Each structure stands twice: as structure tokens, then as C-alpha cells.
**Student:** 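Here you go, one structure.
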There are 2 protein chains.
Amino acid sequence: MRRRCSSLPKDAPAVELVDMTVSPEPLDPSVERLARLKGDRCKAKIAADRLKSLTDLIDEEDLAAEAQVFRAISDPFRLSVLKLLRDGELCVCEIMTALDRPQSSTSHHLSILKRAGLVKERKEGKWSRYRLADGAVIEMMKLAEILRLG
Amino acid sequence: MRRRCSSLPKDAPAVELVDMTVSPEPLDPSVERLARLKGDRCKAKIAADRLKSLTDLIDEEDLAAEAQVFRAISDPFRLSVLKLLRDGELCVCEIMTALDRPQSSTSHHLSILKRAGLVKERKEGKWSRYRLADGAVIEMMKLAEILRLG
DNA sequence: CTTATATATCGAAATGATTCGATATGACTG
DNA sequence: CAGTCATATCGAATCATTTCGATATATAAG
């Protein structure tokens with residue numbers, strides 16, 4: 001007699017297990033790969049279910065939003081802007097002067113940082129003053145330094 | 001008589017201050033911008049010096065390396081790979097199955113994560129098993145979630 | 001109202017990233 | 001050694017980003 005996965009109830013109805021040792025319904029093609037990988041279809045099913053439950057926890061929308069946060073910091077110039085802002089609020093003019101970049105470039109990058117929620121803007125007359133949006137930004141930079149070394 | 005910045009010693013030698021109120025040597029053109037910005041050349045000099053000391057602290061090489069770390073996480077697919085790996089080691093085959101992507105793509109993205117120091121690889125026969133390189137990776141993802149909400 | 005200054009946005013060229021099929025490498029299997 | 005399976009790398013098409021000059025907007029000063 002064929003064995004079934006131990007996670008299934010022992011007294012489950014004896015449905016026709018023609019060639020499917022694990023479950024009555026045919027396995028997903030991608031799970032078949034894992035079945036061959038594991039050598040054991042029971043283990044394959046368990047592994048596949050585990051992977052599926054993990055991927056189900058990942059929300060597409062959150063994923064895109066969080067990736068955008070990282071993308072915003074992933075440019076060397078924008079990272080240096082964030083490092084400058086650790087020391088306090090600065091206007092566009094000061095940032096472009098300190099980092100020696102054209103005004104349009106500086107403004108563009110600041111808009112990307114703002115859209116990602118990394119900096120906040122405060123309008124004061126004809127000046128736009130930017131500051132870090134959250135202490136979490138500083139923490140992220142610290143962690144990147146740690147990863148860089150380790 | 002022209003005034004000089006209060007941060008300079010009162011008894012400094014009376015060098016020729018033809019039109020330069022602050023320092024004998026001509027100011028950098030970019031600092032001139034700040035001078036007009038501040039309205040006061042003394043304040044401009046101080047602000048410019050502060051900005052310069054801040055930018056001097058930023059090392060070009062570190063900057064590029066840290067930006068690369070963020071760039072590696074900045075792709076939605078790679079971020080979802082990292083989220084999967086929070087739960088433990090996985091081989092390429094499992095990852096491509098779980099996230100439903102071609103093998104070449106999966107492998108390519110894993111190499112990017114590895115190069116950035118975010119994951120580590122362990123070869124075992126014909127399998128390559130990947131795991132998170134450091135707890136700091138998980139911390140980074142948590143911070144991104146915080147920034148996303150705040 | 002005109003001018004000057006600070007910032008934002010546009011547009012187009014240059015550059016870089018992503019994607020995936022095809023192919024290569026490298027290890028286990030018969 | 002031939003075949004199979006897991007992974008890596010290549011190549012080319014597509015797509016996104018970066019860059020900077022030119023232009024637009026908006027505020028302050030004369």
C-alpha cells in the first residue's frame with residue numbers, strides 16, 4: 001500500500017491514489033520540480049506549502065513601496081545629500097554648493113528623496129529647506145556601514 | 001574700518017583687506033553664492049566652512065560601496081528574495097519556484113545580492129544554498145517598513 | 001511693474017539595469 | 001563516458017535612470 005504524508009489524517013477517505021502519493025489533486029508543475037529535488041514527494045509537498053505560505057505573506061504593493069525607499073538611497077549623490085542632512089536642515093542652494101552639482105540635478109534628486117519619504121521640505125519665502133524625515137534614515141545608513149564592513 | 005569675522009583673533013595682522021571683508025585669499029566662487037544668500041559675508045564664510053567640513057567627512061569610496069548595498073535591495077524581486085530568506089536557507093531552485101521566475105533571472109539577482117554582501121552562498125554538491133549574510137539585513141527591511149508608514 | 005534670485009520642471013542624450021532564452025559549467029548517476 | 005540536473009554566464013532587446021542645459025514658476029527687492 002502507498003504511504004501518504006504523515007501530516008494528513010490517518011483516517012482520511014481512501015480516494016483513488018492512482019499515481020499521486022501525496023494528494024488527490026495533481027501537484028502544481030513548479031512543485032513537481034521540488035518533488036524531484038527532494039526525492040520524496042511528501043517532503044516536496046511540505047516544502048512547497050511552506051514556500052507558498054511565505055510568498056503569500058509578501059504583499060506586492062508593500063514590496064514596491066519598500067523597494068522605492070531603497071532605490072531612493074541607492075544613488076551616491078542622494079546618499080551624500082542624506083549624510084549632509086544628518087547635521088541639520090539645508091536649502092537647495094547650500095546642498096548644490098557643498099556637493100558641487102548643477103541646480104537642476106540637485107533639485108531633481110531632492111524630489112526623489114521627498115517622494116520616497118526620506119526627507120521633508122519646508123518652504124520659507126523663496127527658499128526650500130530640506131531635512132531628514134525620520135531617525136530611521138540615519139539608522140539605515142549605519143546599517144549599510146555595518147554591512148559594508150562585515 | 002572694515003569688520004572681520006568674530007571667529008578670527010582680534011589681534012590678527014592687518015593684511016590688506018581691499019574688498020575682502022572676511023579673509024585675505026579670494027573666496028571660492030561657490031562660496032560667493034552663499035555670501036549673497038546669507039547677506040553677510042562673515043556668516044557666509046562660517047556656513048561655507050561648515051559645509052566643507054561636512055563634505056570632507058564623506059569618503060567617495062565608502063559612498064559608492066554603501067550606495068551599492070541599497071541598490072541591491074532596491075529591486076522588488078531581490079527584496080522579495082531577502083524576505084523569503086528571513087525564514088532560512090534556500091537553494092536557487094526553491095527561490096525560482098516560490099517566486100515564479102526564470103532560473104537565469106533568479107541566479108543573476110542572487111549574484112547581485114551576494115556581491116553587495118547581503119547574502120552568503122554555500123555550495124553543496126550541485127546545489128547553491130543562499131542565506132542572509134547578517135541580521136542587519138532584517139533590520140534594514142524593518143526600517144523601510146517604518147519609513148513606508150511614517 | 002521690472003529685475004534678480006531660488007527652485008522646479010522639461011527635454012533629450014548618454015548611460016545603466018532588467019529580462020529571458022540560449023548556452024556553458026560543473027556535479028552526480030547510470 | 002554519456003546523460004541529467006542545478007546553477008552560472010552570455011547576449012540582445014527592452015526599459016529606466018541619470019545628467020545638465022534651457023525654460024518655467026514663484027518670491028522678494030527696487
Side-chain angles (χ1 to χ4, degrees), chain A residues 29-30 32-39 44 47 63-64 67-68 70-81 89-116 119-131, chain B residues 29-30 32-40 44 47 63-64 67-81 89-116 119-131:
Chain A
S30 63
E32 296 287 348
R33 290 189 57 84
L34 285 180
R36 288 198 302 278
L37 186 70
K38 299 277 174 181
L63 202 64
Q68 196 196 22
F70 290 113
R71 172 145 307 194
I73 323 182
S74 75
D75 179 86
F77 176 64
R78 289 196 292 266
L79 181 54
S80 62
V81 168
E89 204 177 48
L90 291 174
C91 68
V92 182
C93 180
E94 289 170 310
I95 296 169
M96 63 180 276
T97 298
L99 298 176
D100 195 27
R101 282 270 186 140
Q103 183 271 326
S104 65
S105 228
T106 307
S107 182
H108 174 234
H109 283 295
L110 282 166
S111 78
I112 291 174
L113 289 172
K114 195 173 99 177
R115 188 151 14 98
V119 304
K120 284 203 190 309
E121 187 191 10
R122 185 171 66 89
K123 296 249 184 197
E124 187 179 333
K126 57 183 169 183
W127 286 280
S128 290
R129 302 189 186 280
Y130 288 87
R131 63 184 187 279
Chain B
S30 63
E32 296 289 348
R33 287 189 59 85
L34 285 180
R36 288 197 303 276
L37 186 69
K38 299 278 175 182
D40 176 342
L63 202 65
Q68 196 196 23
V69 169
F70 289 113
R71 172 145 305 191
I73 324 182
S74 74
D75 179 86
F77 176 64
R78 290 196 292 266
L79 181 54
S80 62
V81 169
E89 203 178 48
L90 291 174
C91 68
V92 181
C93 181
E94 290 171 308
I95 296 168
M96 62 181 276
T97 298
L99 298 177
D100 193 28
R101 282 271 186 137
Q103 183 272 323
S104 65
S105 228
T106 307
S107 181
H108 174 234
H109 284 296
L110 282 166
S111 78
I112 290 174
L113 288 172
K114 194 173 98 176
R115 189 150 13 98
V119 304
K120 284 202 189 310
E121 188 190 10
R122 184 171 65 88
K123 296 249 185 197
E124 187 180 332
K126 56 184 170 183
W127 286 280
S128 291
R129 302 190 187 278
Y130 287 87
R131 65 182 187 282

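No experiment lies behind these values; they were computed from the predicted model shown. Just so it is clear: chains get the letters A, B, ... in the order the sequence lines come, proteins before strands, and each one is counted from 1.
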**Student:** Looking at C/dA6, I'd like to know if its phosphate oxygens (OP1 or OP2) sit under 4.0 Å from a side-chain N or O belonging to A/Tyr130.
**Tutor:** no
**Student:** Would you kindly give the CE-to-P distance between A/Met96 and C/dA6, to the nearest whole Å?
**Tutor:** 9 Å
**Student:** Could you tell me the separation between the CD atom of B/Gln68 and the C1' atom of C/dA17, rounded to a whole number of Å?
**Tutor:**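 My rounded result for the distance is 13 Å.
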**Student:** Please name the residue in the list A/Glu121, A/Glu124, A/Glu89 that meets the side chain to side chain donor-acceptor pair (under 3.5 Å) test with A/Arg129.
**Tutor:**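 Testing A/Arg129 for a side chain to side chain donor-acceptor pair (under 3.5 Å) against A/Glu121, A/Glu124, A/Glu89 leaves exactly one candidate, A/Glu124.
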**Student:** Test side chain to side chain contact (heavy atoms under 4.5 Å, CB included) on A/Ser104 and A/His108; report intermediate values, then the result.
**Tutor:** CA-CA 6 Å; A/Ser104 65; A/His108 174 234; over 6 Å; no
**Student:** Just verifying a value: how many Å separate A/Tyr130 OH and A/Ile95 CD1, rounded to the nearest 0.5 Å?
**Tutor:** 8.0 Å
**Student:** Could you state the atom-to-atom distance from NZ of B/Lys123 to C1' of C/dA27 in whole Å?
**Tutor:**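 Rounded to whole Å, this separation is 10 Å.
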**Student:** Using every non-hydrogen atom in the two residues, find where A/Leu63 and B/Pro76 come nearest and quote the distance to one decimal.
**Tutor:**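 In this case the closest contact between A/Leu63 and B/Pro76 is CD2-O, 3.5 Å.
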**Student:** For A/Lys114 and C/dT9, what is the distance between atoms NZ and C1' respectively, to the nearest whole Å?
**Tutor:** 13 Å
**Student:** For a 4.5 angstrom cut-off between non-hydrogen side-chain atoms, does B/Lys114 reach B/Lys120?
**Tutor:**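 Side chain of B/Lys114 against side chain of B/Lys120, heavy atoms only: no contact under 4.5 Å found.
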**Student:** If we only count heavy atoms from C-beta on, is the B/Val92 to B/Leu110 side-chain gap below 4.5 Å?
**Tutor:** yes
**Student:** So A/Glu124, base contact, sugar-phosphate only, or nothing? Heavy-atom distance under 4.0 Å.
**Tutor:**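 No contact.
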**Student:** Distances under 3.5 Å only, N/O to N/O: pair up the protein atoms with those of nucleotides 18-25 of chain D.
**Tutor:**
{"unit_1": "D/dT18", "atom_1": "OP1", "unit_2": "A/Arg78", "atom_2": "NH2", "d": "3.0"}
{"unit_1": "D/dT18", "atom_1": "OP2", "unit_2": "A/Arg78", "atom_2": "NH1", "d": "3.3"}
{"unit_1": "D/dT19", "atom_1": "OP1", "unit_2": "A/Arg101", "atom_2": "NH1", "d": "3.4"}
{"unit_1": "D/dT19", "atom_1": "OP2", "unit_2": "A/Arg101", "atom_2": "NH1", "d": "3.4"}
{"unit_1": "D/dT19", "atom_1": "OP2", "unit_2": "A/His109", "atom_2": "NE2", "d": "2.8"}
{"unit_1": "D/dG21", "atom_1": "N7", "unit_2": "A/Ser104", "atom_2": "OG", "d": "3.4"}
{"unit_1": "D/dG21", "atom_1": "O6", "unit_2": "A/Ser104", "atom_2": "OG", "d": "3.2"}

**Student:** Return the value, rounded to whole Å, for the distance between atom NZ of A/Lys126 and atom P of D/dT27.
**Tutor:**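 From A/Lys126 NZ to D/dT27 P: 12 Å.
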**Student:** Let me know the distance between CH2 of A/Trp127 and P of D/dT27, rounded to the nearest Å.
**Tutor:** 13 Å
**Student:** Counting any heavy atom closer than 4.0 Å, what does A/Ser128 reach on the DNA or RNA strands: base, sugar-phosphate only, or nothing?
**Tutor:** sugar-phosphate
**Student:** Heavy-atom nearest nucleotide on DNA chain D for A/Gly125 versus B/Val92: which residue maps closer to 5'?
**Tutor:** B/Val92
**Student:** Looking only at non-hydrogen atoms, find the nearest pair between B/Asp75 and A/Ala67 and report the distance.
**Tutor:** C-CB, 4.2 Å
**Student:** To the nearest Å, how far apart are A/Leu113 CG and C/dA8 P?
**Tutor:**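 About 12 Å, once rounded to whole Å.
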**Student:** For A/Arg122 and D/dT27, what is the distance between atoms CZ and P respectively, to the nearest whole Å?
**Tutor:** 16 Å
